[in-house]
Each structure stands twice: as C-alpha cells, then as structure tokens.
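Comments concern the structure below.
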Amino acid sequence: MSPLPPLYSRLLVATGGAPHSVLAVERAAQLAEHYGAAIHLVTVIPQGQGGLENVALALGAGGPDTRTAQAERQRFETHLQQTAQALRSRGLTVREHLVTALKPADAILTVAHDVQADLIVLGRRHTSAWSAALAGSVSDMVSHASPVDVLVVR
C-alpha cells in the first residue's frame with residue numbers, strides 16, 4: 001500500500017499585523033513545517049468607504065486623505081514582506097498576495113480559490129460572540145463559505 005499524500009500542501013494565511021493574525025501565521029508555519037506545505041500569505045487592505053479616495057490614490061493625487069491611504073498601504077505591504085521573509089528564514093516556501101477589497105472575507109476566499117489552498121488559517125479578532133455579531137467576523141464569514149478546511153486560531 002502506498003503512503004497517503006500529505007494532508008495539506010498549500011496553506012493560505014490571512015495576516016494584517018494584529019496580534020490574532022500573528023498567532024495565525026505562527027500556527028500556519030508549524031503546520032507547513034510538519035506537512036512540507038507551501039504558505040500563501042494574504043493581506044487585505046480594506047477599501048475606503050469613499051470610492052473617490054481609491055480613484056485619487058490610483059491616479060496619484062496627493063491630498064491628505066490619499067497620503068493617509070498611501071501610508072496605510074505601505075504599512076500593510078511592509079508587514080507582508082517582513083512576515084514572508086521571516087517564514088522564508090525558517091526554510092518555508094512563501095508567496096505573497098496583497099489585495100484591496102471592500103469585503104476581506106471575499107478577498108481571502110478568492111485568493112484561496114486562485115492558489116488552490118487546501119487549508120485557510122486566520123486569527124479570530126473578536127473574543128465574544130456578541131462583539132463578532134455586532135462587527136461581523138471575517139473568520140466566521142470565511143469558515144461558513146469556504147469549500148476547504150479553515151483553522152481559526154485564538
């Protein structure tokens with residue numbers, strides 16, 4: 001009888017730098033080391049409420065709001081690059097995905113589909129069902145809609 005293939009070979013990890021996502025990255029790294037899996041890191045930049053801000057940013061306009069948006073984008077990009085480098089220094093195969101979206105859960109699911117992830121790993125920001133219900137929980141949305149396994153790290 002031939003051995004079974006690894007349980008997971010492509011992990012998608014959502015990270016934005018918050019403590020809950022840092023824990024998710026660490027858990028994913030441990031799983032990747034165990035299974036010999038590749039890691040796809042995704043950072044979702046929340047799209048501003050005003051679509052004009054995003055248009056101005058894309059066109060290179062430089063008002064105060066667009067400078068703030070540019071600084072925010074740079075913060076996310078730097079976090080993504082630093083996280084990827086830290087994982088690579090552990091000998092892991094890592095690919096980075098920086099996306100802008102109105103709905104982070106939808107963006108995570110789209111990237112997971114595109115890279116054919118077989119596990120999505122993300123942290124849980126809300127510590128109670130009440131706060132998650134009021135604010136909406138990305139981890140809940142992803143876990144309910146995902147066709148693949150989802151690990152929610154607490």
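Heavy atoms only: backbone and side chains are in, while hydrogens, waters and symmetry mates are out. When a residue number appears, it is its place in the shown sequence, counting from 1.
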TODO: Please report the closest heavy-atom contact between Glu96 and Arg88, naming both atoms and the distance.
DONE: OE2-NH2, 2.9 Å

Task: Donor-acceptor contact present, side-chain Arg10 to main-chain Val115, <3.5 Å - done: yes

TODO: Could you check Arg124 against Asp140 for side chain to side chain contact (heavy atoms under 4.5 Å, CB included), going step by step and ending with a plain yes or no?
DONE: CA-CA 9 Å; Arg124 182 171 182 91; Asp140 285 343; 2.9 Å; yes

Task: Ala84 versus Val94, closest heavy-atom pair with distance - done: CB-CG1, 3.8 Å

Open item on the list: Test of understanding: with side-chain hydrogen bond (donor to acceptor under 3.5 Å, both in side chains), list the residues that count as partners of Thr78, not counting sequence neighbours.
Closed with: Gln74

- [ ] Treating Ile, Leu, Val, Met, Phe, Trp and Tyr as nodes and any side-chain heavy-atom pair under 4.5 angstrom as an edge, say whether Ile108 and Val111 lie in one connected cluster.
- [x] yes

Open item on the list: For the OG1 atom of Thr93 and the NE2 atom of His40, what is their distance to the nearest 0.5 Å?
Closed with: 9.5 Å

Open item on the list: With heavy-atom distances below 4.5 Å as the criterion, would you say the side chains of Leu109 and Ser146 are in contact?
Closed with: yes

Open item on the list: If I compare all heavy atoms of Ile120 with all of Ala112, which pair ends up nearest, and what's the gap?
Closed with: CD1-CB, 3.7 Å

Task: Residue pair Ser139 / Leu122: nearest heavy atoms and the distance that separates them - done: CB-CD1, 3.2 Å

Task: Heavy-atom closest pair, residues Gly17 and Val22 - done: O-CG2, 3.8 Å

Open item on the list: Measuring from atom OG of Ser143 to atom CG of Asp149, what distance do you get when rounded to the nearest 0.5 angstrom?
Closed with: 11.5 Å

TODO: Using atom types as modelled and distance alone, determine if a side-chain donor or acceptor of Asp118 lies under 3.5 Å from a backbone N or O of Tyr8.
DONE: no

Open item on the list: For a 4.5 angstrom cut-off between non-hydrogen side-chain atoms, does Arg73 reach Leu98?
Closed with: yes

Task: Single-linkage hydrophobic cluster, 4.5 Å side-chain cutoff, Val42 and Ile45 together - done: no

Open item on the list: Same cluster or not: Val152 versus Leu7, using hydrophobic residues (I, L, V, M, F, W, Y) connected whenever any side-chain heavy atoms lie under 4.5 Å apart?
Closed with: no

Throw together a table of side-chain donor-acceptor distances under 3.5 angstrom for residues 31-39, partners on residues two or more places apart or in other chains.
unit_1 : atom_1 : unit_2 : atom_2 : d
Glu33  : OE1    : Arg90  : NH2    : 3.3
Glu33  : OE2    : Arg90  : NE     : 3.0
Glu33  : OE2    : Arg90  : NH2    : 3.2

Task: Cluster link Val148 to Val153, ILVMFWY, side chain under 4.5 Å - done: no

Open item on the list: Would you compute the distance between atom CZ of Arg67 and atom CD of Glu72 and round it to the nearest 0.5 angstrom?
Closed with: 15.5 Å

Task: Minimum-distance pair of heavy atoms, taken over all atoms of Pro104 and Val138 - done: CB-CG2, 4.1 Å

Open item on the list: Which residue in the set Leu12, Thr15, Leu11 passes side chain to side chain contact (heavy atoms under 4.5 Å, CB included) when paired with Leu41?
Closed with: Thr15

Open item on the list: Test side-chain hydrogen bond (donor to acceptor under 3.5 Å, both in side chains) on Gln81 and Gln85; report intermediate values, then the result.
Closed with: CA-CA 6 Å; Gln81 291 169 352; Gln85 185 55 40; over 6 Å; no

Open item on the list: Walk me through whether Arg75 and His79 qualify under side chain to side chain contact (heavy atoms under 4.5 Å, CB included).
Closed with: CA-CA 6 Å; Arg75 183 182 69 80; His79 166 73; 5.8 Å; no

Open item on the list: I want to check something: taking the side chain as every heavy atom from C-beta on, are Thr100 and Val44 in contact at a cut-off of under 4.5 Å?
Closed with: no

Open item on the list: I'd like to know if Leu87 and Phe76 are part of one continuous hydrophobic network [Ile/Leu/Val/Met/Phe/Trp/Tyr, side-chain heavy atoms within less than 4.5 Å].
Closed with: yes

